[in-house]
Amino acid sequence: MAKNSNIASVLAFEKKLVPSDGFMYGTTWQERNKSEASKPLLLREKSVRGTISNRLKPAIKDDPLKLNAEVEKPNLQRVDSCALGENQDTLKLHFTLKVLSGVQTPSACNNKAFNETYSQAANDYINAEGFKELAKRYAINIANARFLWRNRVGAEHIEVQVKKLNQQSDKTWTFNAAKIGLRDFEITSADIEELTTEIANALSGKEDFLLLDISAFAQVGFAQDVYPSEELVLDKSTAKDKKSKILYHINNISGMHSQKIGNALRTVDTWYPAYTETQNPIAIEPYGAVTNLGTAYRNPKAKADFFTLFDRFSCGETLDKKEDEHYVMAVLVRGGVFGESGKD
């Protein structure tokens, strides 16, 4: 299939939501606001003897002798773990978030005509919408501490403290994250509206950028396990001295990948066709991919994927729904390389 001459073959956008890595500390709920009470959480290594629990072949599971021989085999593992101290009941996750403007200008584009029509369409969206809908959803995902992921589950109290880092402003917001649902993007409050305005102003170019300092506190219980990001192990060696689980750290401080925090912040897509059935927001992705479910919720056959909608939007065509425009712009805020290859 020949490439579309109206679409740039070289086209890229820089991400506009830029989180840092998250640093993990242990403290107590009563002293969470005292910086000296927060201590870095270190990784610990465990050596454990597990049991065989994988699905077995019929020849083994149907033979009691073979089954007994199989389950008697030791399943030895070396793994990383992370937990609060015996006098700590609260996890603190700290990171910064930079919000940038300029989504109407690609970082790379080799088609002048396309660049002009796209920039006009993007500016029309900014003038009409001001990024208010997307900004509100990003603000809610900050306020509800979605970025805590598994650490959010089973916490007695969750609080998010947000500070605008600006020499001219010492504005702060505090949210009771446990009271803000992960599926409700209609919730509102004075603090959410203020944070929304700050994010929208940065995305739309009214401000050059916004830098936020974010700390989340989750009271999970004394000495309880907490969950940093897990590293992808590319070394497939079967050597027995290799660890089977490696957790992420920054200079020995347990941490959360910036990519994982970013994924949580952009989990705002409730506009995909199957949402009425799933009722679960998904992260903004060109094909609506949810890897842990092995599903792409925005199939090109349904004409709901990013590229189908973007090709129409960028050429000045009015999309069928305003939600489709929100989705297209959210993918561009996410950033990526979206050029069309000339190969069949």
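Quick note: residue numbers are just sequence positions, from 1. Computed from a prediction, not measured in an experiment: that's the story for all the values here.
Side chain of Arg266 to main chain of Ala283: no donor-acceptor pair is present (N/O by atom type, distance under 3.5 Å, no hydrogens or angles). With hydrogens and angles ignored, the 3.5 Å screen pairs a side-chain donor or acceptor of Arg32 with a backbone N or O of Trp29. The main-chain N or O of Ser314 is found under 3.5 Å from a side-chain atom of Thr117 such that the two form a donor-acceptor pair. For the pair Ser244 (side chain) and Gln77 (backbone), a donor-acceptor distance under 3.5 Å is absent. Side-chain atoms of Glu325 do not come within 3.5 Å of backbone N or O of Lys321 as any donor-acceptor pair. Side chain of Asn110 to backbone of Ser9: a donor-acceptor contact under 3.5 angstrom is found. When atom types are taken as modelled, the side chain of Tyr327 and the backbone of Lys322 share no donor-acceptor pair closer than 3.5 angstrom. Checking side-chain atoms of Asp225 against main-chain N and O of Ser81 turns up no donor-acceptor pair under 3.5 Å. Checking side-chain atoms of Ser119 against main-chain N and O of Gln104 turns up a donor-acceptor pair under 3.5 Å.
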Applying side chain to side chain contact (heavy atoms under 4.5 Å, CB included) to Trp173 and Lys164, what does each step give before you reach the verdict? CA-CA 9 Å; Trp173 302 272; Lys164 180 180 178 182; 4.2 Å; yes
Working for salt bridge (Lys or Arg N to Asp or Glu O under 4.0 Å), residues Arg312 and Asp320: CA-CA 10 Å; Arg312 295 170 54 198; Asp320 298 335; 3.4 Å; yes
Run the side chain to side chain contact (heavy atoms under 4.5 Å, CB included) test on Asn144 and Asp184 for me, step by step, so that the C-alpha distance in whole Å, both residues' side-chain angles and the decisive distance to 0.1 Å come before the verdict. CA-CA 10 Å; Asn144 66 20; Asp184 183 8; over 6 Å; no
What do the steps show when you test Phe175 against Ile192 for side chain to side chain contact (heavy atoms under 4.5 Å, CB included), and what is the final call? CA-CA 9 Å; Phe175 302 98; Ile192 288 176; 3.7 Å; yes
Hey, mind stepping through Leu84 and Thr90 against side chain to side chain contact (heavy atoms under 4.5 Å, CB included) and telling me if it holds? CA-CA 8 Å; Leu84 298 174; Thr90 298; 5.7 Å; no
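Linking Ile, Leu, Val, Met, Phe, Trp and Tyr residues whenever their side-chain heavy atoms come within less than 4.5 Å leaves Ile253 and Ile214 in two separate clusters. Hydrophobic clustering (side-chain heavy atoms under 4.5 Å, transitive across Ile, Leu, Val, Met, Phe, Trp, Tyr) groups Ile199 together with Ile284. Leu319 and Phe338 fall within a single hydrophobic cluster, where Ile, Leu, Val, Met, Phe, Trp and Tyr are joined by side-chain heavy atoms under 4.5 Å apart, directly or via other members. Cluster annotation: Val268 and Leu212 are assigned to the same hydrophobic cluster (Ile/Leu/Val/Met/Phe/Trp/Tyr, side-chain heavy-atom contacts under 4.5 Å, transitive). Residues Ile282 and Phe306 do not share a hydrophobic cluster, clusters being chains of Ile/Leu/Val/Met/Phe/Trp/Tyr side chains in contact below 4.5 Å.
Counting only heavy atoms from C-beta outward, the side chains of Asp324 and Phe313 never approach each other to under 4.5 Å. Between Gln224 and Val226 there is no side-chain heavy-atom pair separated by less than 4.5 Å. Residues Arg146 and Arg152 are not in side-chain contact: their nearest non-hydrogen atoms beyond the backbone lie 4.5 Å or more apart. Inter-residue side-chain proximity for Ile142 and Leu97 is flagged as met; some heavy-atom pair is nearer than 4.5 Å. Using a 4.5 Å heavy-atom threshold, the side chains of Pro281 and Arg183 count as touching. Within the 4.5 Å cutoff, no side-chain heavy atoms of Gln88 are placed close to those of Tyr25. Contact of the Leu265 side chain with the Phe147 side chain is registered, since non-hydrogen atoms from C-beta on lie closer than 4.5 Å. Within the 4.5 Å cutoff, the side chain of Val220 has no heavy atoms near those of the Asn151 side chain.
The line from CG of Asn141 to CD1 of Ile180 is 10.0 Å long, rounded to the nearest 0.5 Å. Atom CE of Met24 is separated from atom OG of Ser229 by 8.5 Å, given to the nearest 0.5 angstrom. One distance of note links OH of Tyr118 with SG of Cys315; it measures 12.5 Å at 0.5 Å rounding. A distance of 9.5 Å separates NZ in Lys34 from OG1 in Thr27, rounded to the nearest 0.5 Å.
A side-chain donor from one of Tyr248 and Asp21 sits under 3.5 Å from a side-chain acceptor of the other. Using modelled atom types and a 3.5 Å distance limit, the side chains of Thr188 and Glu193 yield a donor-acceptor pair. Residues Gln120 and Asp124 bring a donor and an acceptor atom of their side chains to less than 3.5 Å of each other. A donor-acceptor pair shorter than 3.5 Å cannot be found between the side chains of Tyr297 and Thr278. Thr174 and Asp191 are not linked by any side-chain donor-acceptor pair at a separation below 3.5 angstrom, with hydrogens and angles left out of the test.
Counting all heavy atoms, side chain and backbone alike, Glu285 lies closest to Asn263 at OE2-ND2, 4.5 Å. The two residues Leu42 and Ser254 come nearest to each other via the heavy atoms C-OG, 3.7 Å.
A salt bridge between Glu198 and Lys171 is absent, with no side-chain N of the basic residue lying under 4.0 Å from a carboxylate O of the acidic one. The residues Lys136 and Glu133 are annotated as not salt-bridged, no charged nitrogen and carboxylate oxygen being separated by less than 4.0 angstrom.
In this structure, Phe307 and Tyr287 have tilted ring planes: the angle between them lies in the 30° to 60° band.
Here the options are Thr267, Leu203, Leu195, the test is side chain to side chain contact (heavy atoms under 4.5 Å, CB included), and the partner is Tyr138; only Leu203 passes. The only option from Phe185, Tyr272, Trp271 that meets the ring-ring contact (aromatic ring centres under 6.0 Å, His included) definition with His326 turns out to be Trp271.
Other residues, nucleotides and ligands contribute more than 12 heavy atoms inside 6.0 Å of the CG atom of Asn127.
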